[in-house]
Colleague: 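Dumping the structure here so I can ask a few things about it.
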Amino acid sequence: MKKILTMFIAAGFFFSASSVSAEENSLMNGVKSGILIDENTGMILLEKNANEKLPPASMTKIGTLLMIMEAIDSGKLKWTDEVQASEEAASMGGSQVYLKEGETMTVEEMVKAISVASANDASVAMAEHLAGSEAALVDQINKKAKSLGLTNTTFKNVTGLPAEGHESTANDMAILAKELLRHKKITEFTGIYEDFLRQDAEEPFWLVNTNKLVRSYKGADGLKTGFTKEAMYCLTATAQKNNMRLISVVFGAETSAERNRITAGILDYGFTHYQTKTLYKAGHAIAEVKISKGAPHEVKAVIDQPLSWLNDGKKEANVQKIISVDRDLKAPMKKGTQVGSVILKVDGKEVKELPLLTKHEVKRASWGDLFNRSLLELTDGTK
């Protein structure tokens with residue numbers, strides 16, 4: 001059971017749902033499908049055939065990297081763990097860093113190889129290390145995709161190499177990228193333009209990012225290119241400017257130059273026409289909740305992300321926040337325990353939902369504390 005409190009914030013903020021004109025759609029002329037979303041809210045700013053199933057080529061590796069980052073964050077995997085390349089991994093064609101059978105690299109080096117060089121051999125080596133086989137990790141990625149509501153995505157491998165039934169959509173790839181970007185460290189790799197592997201070898205291996213926008217487009221720091229003859233040139237890109245991060249996806253450009261030009265154009269559109277509005281910053285106390293038998297008896301509930309949305313300045317709107325607090329909360333509680341949620345609505349549309357987390361640890365109150373608390377409540381009740 002939850003206690004719900006609804007509050008309307010004063011008018012003067014702005015909000016716009018996606019309404020794409022023919023002129024805006026022309027920004028995606030030259031690609032089979034595409035989409036532009038706000039990373040914070042998932043709001044769609046532009047789209048073209050965004051739900052058409054197409055081969056994603058090496059953009060598939062966004063799913064592979066997501067599984068790796070989740071394993072690292074959960075403690076299952078460490079950056080310093082050594083990964084050995086199997087015969088299967090070493091035999092992979094296409095983009096690669098030419099791993100030899102039996103060669104070892106750290107997880108950090110493998111992630112760099114995947115992120116910068118789009119290495120198929122490193123992707124398979126990581127899949128085998130993490131899940132036991134490539135097929136097992138593919139199964140995990142597909143399950144993750146379904147848990148995110150991505151009903152149009154089915155992967156057959158971890159590399160994006162051509163395979164019957166290996167497909168996704170611009171919309172699904174944007175959501176998968178949004179999930180990967182929750183792991184903030186990933187852009188430290190996807191934003192690298194050039195670096196080296198095997199630095200202690202006689203001939204270090206030079207890595208150059210397949211995503212040239214990380215050098216040529218201000219604020220770009222990822223995420224993943226793709227190319228096969230079937231898929232043509234694809235790119236899931238992200239850039240951050242003025243407290244706003246956008247994610248764009250394009251499928252099926254004729255050339256890499258065209259892919260980059262179109263991506264830069266739709267990112268420019270987003271940054272030019274929209275801006276972020278923030279109701280509360282991360283760490284803001286949204287509510288105070290009572291904890292049964294807790295010391296303290298009340299604790300502040302905070303948000304760990306900004307409560308914000310995009311606006312295009314076209315019309316005014318009332319902002320509504322709906323706070324839900326769990327009932328019968330009991331001590332002890334660790335700092336950061338979820339005790340409710342806050343939903344942001346603009347013009348009646350749900351824009352974002354964030355968990356409410358305890359700002360401090362709440363210990364179990366002593367018998368003396370409980371006695372004094374009961375006595376105080378009894379005294380207040382007799383006034």
Side-chain angles (χ1 to χ4, degrees), residues 17-20 24-25 27-70 118 123 127 131 134-183 186 222-238 246-253 259 262-263 266-267 270 349-350 352-353:
S18 176
S19 179
V20 182
E24 292 165 346
N25 228 352
L27 291 169
M28 294 191 187
N29 285 346
V31 296
K32 292 181 179 179
S33 72
I35 198 168
L36 176 68
I37 71 167
D38 170 43
E39 185 266 342
N40 177 47
T41 63
M43 177 179 166
I44 297 173
L45 311 185
L46 289 172
E47 60 180 323
K48 174 186 177 181
N49 303 329
N51 292 308
E52 181 181 352
K53 294 181 180 180
L54 293 165
S58 281
M59 294 192 299
T60 298
K61 295 183 178 83
I62 290 174
T64 306
L65 289 168
L66 176 58
M67 295 297 98
I68 295 170
M69 295 306 294
E70 286 190 349
S118 193
S123 299
E134 181 181 10
L137 193 69
V138 169
D139 185 55
Q140 290 181 22
I141 297 170
N142 286 330
K143 286 179 179 177
K144 181 67 178 184
K146 296 299 182 290
S147 75
L148 295 171
L150 311 186
T151 57
N152 292 319
T153 293
T154 303
F155 290 162
K156 300 294 185 178
N157 55 54
V158 298
T159 60
L161 288 170
E164 185 177 353
H166 187 96
E167 57 192 10
S168 187
T169 67
N171 179 77
D172 284 7
M173 289 307 307
I175 295 173
L176 203 61
K178 185 176 184 293
E179 186 71 11
L180 176 59
L181 286 166
R182 290 180 59 200
H183 305 273
I186 192 61
L223 265 172
K224 193 68 204 69
T225 58
F227 171 77
T228 62
K229 289 182 179 179
E230 179 187 22
M232 302 171 67
Y233 290 90
C234 309
L235 174 58
T236 297
T238 185
L246 300 179
I247 299 169
S248 67
V249 182
V250 296
F251 277 78
R259 171 184 70 189
I262 292 170
T263 295
I266 60 180
L267 288 172
K349 296 179 180 179
E350 183 175 327
K352 192 166 188 178
E353 181 176 3

Colleague: Is the shortest heavy-atom distance from the side chain of L161 to the side chain of T228 under 4.5 Å?
Modeller: no

Colleague: How many angstroms lie between atom CG of L65 and atom CD of E179, to the nearest 0.5 angstrom?
Modeller: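 So the gap between those two atoms works out to 13.5 Å.
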
Colleague: Return the OG to CG distance between S168 and N152, rounded to the nearest 0.5 Å.
Modeller: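 S168 atom OG to N152 atom CG measures 7.5 Å (nearest 0.5 Å).
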
Colleague: Evaluate the side-chain proximity of L223 to L180: yes if any heavy-atom separation is below 4.5 Å, no if none is.
Modeller: yes

Colleague: Is the shortest heavy-atom distance from the side chain of H166 to the side chain of N157 under 4.5 Å?
Modeller: yes

Colleague: I want to check something: taking the side chain as every heavy atom from C-beta on, are K178 and I247 in contact at a cut-off of under 4.5 Å?
Modeller: yes

Colleague: Which residues satisfy the side chain to side chain contact (heavy atoms under 4.5 Å, CB included) test with K146, sequence neighbours excluded?
Modeller: T154

Colleague: Roughly how far, to the nearest 0.5 Å, is CG of L235 from CD1 of I262?
Modeller: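 Answer for the CD1-CG pair, I262 versus L235, is 10.5 Å.
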
Colleague: Among E52, R259, M173, K48, which one satisfies side chain to side chain contact (heavy atoms under 4.5 Å, CB included) with F251?
Modeller: M173

Colleague: Working note: K61 + T64, criterion side chain to side chain donor-acceptor pair (under 3.5 Å); need CA distance, chi angles, decisive distance, verdict.
Modeller: CA-CA 5 Å; K61 295 183 178 83; T64 306; over 6 Å; no

Colleague: Whether the S58 and K224 side chains hold a donor-acceptor pair (N or O, under 3.5 Å, no angle test) is what I'd like checked.
Modeller: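 The answer is no; no qualifying pair exists.
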
Colleague: What do the steps show when you test I266 against V250 for side-chain contact (heavy atoms from CB on, under 4.5 Å), and what is the final call?
Modeller: CA-CA 10 Å; I266 60 180; V250 296; 4.1 Å; yes

Colleague: Of all heavy-atom pairs between K53 and E167, which one has the smallest distance, and what is that distance?
Modeller: CD-OE2, 3.4 Å

Colleague: Could you tell me the separation between the CG atom of N51 and the OG1 atom of T151, rounded to the nearest 0.5 Å?
Modeller: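 The OG1 atom of T151 is 8.0 Å from CG of N51, to the nearest 0.5 Å.
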
Colleague: Under the side chain to side chain contact (heavy atoms under 4.5 Å, CB included) test, which residues partner M67, sequence neighbours left out?
Modeller: E70, L130, L137, Q140, I141, K144

Colleague: Quick one: are L148 and T153 in side-chain contact, heavy atoms under 4.5 Å?
Modeller: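 No, every pair of side-chain atoms sits at 4.5 Å or beyond.
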
Colleague: Can you see which heavy atom on L46 is nearest to which on M28, and at what distance?
Modeller: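 The answer is CB-CE, 3.7 Å.
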
Colleague: For a 4.5 angstrom cut-off between non-hydrogen side-chain atoms, does V138 reach V158?
Modeller: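 Heavy-atom side-chain distance check passes, below 4.5 Å.
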
Colleague: Rounded at 0.5 Å granularity, tell me how far CG in L66 sits from CG in L181.
Modeller: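 These two atoms lie 10.0 Å from each other.
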
Colleague: Within the distance-only criterion (no hydrogens, no angle test), does the side chain of D38 pair as donor or acceptor with the backbone N or O of M43 below 3.5 angstrom?
Modeller: no

Colleague: Which atoms form the tightest heavy-atom contact between T238 and L246, and what is the distance?
Modeller: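 The answer is OG1-O, 2.9 Å.
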
Colleague: Side chains of L36 and L267: does their closest heavy-atom pair fall under 4.5 Å?
Modeller: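 Yes - at least one pair of side-chain heavy atoms lies under 4.5 Å apart.
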
Colleague: What is the minimum heavy-atom distance between C234 and P55, and which atoms define it?
Modeller: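 Residues C234 and P55, closest heavy atoms: SG-O, 4.3 Å.
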
Colleague: Could you give the distance from OG (S123) to CD1 (I68), rounded to the nearest 0.5 Å?
Modeller: 7.0 Å

Colleague: Which heavy atom of E134 sits nearest to which heavy atom of A127, and what is that distance?
Modeller: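 Heavy-atom minimum between the residues: CA-CB, 3.9 Å.
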
Colleague: Identify the heavy atoms of G34 and A50 that sit nearest to each other, and give their distance.
Modeller: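 In terms of heavy atoms, the two residues are closest at O-CB, 4.0 Å.
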
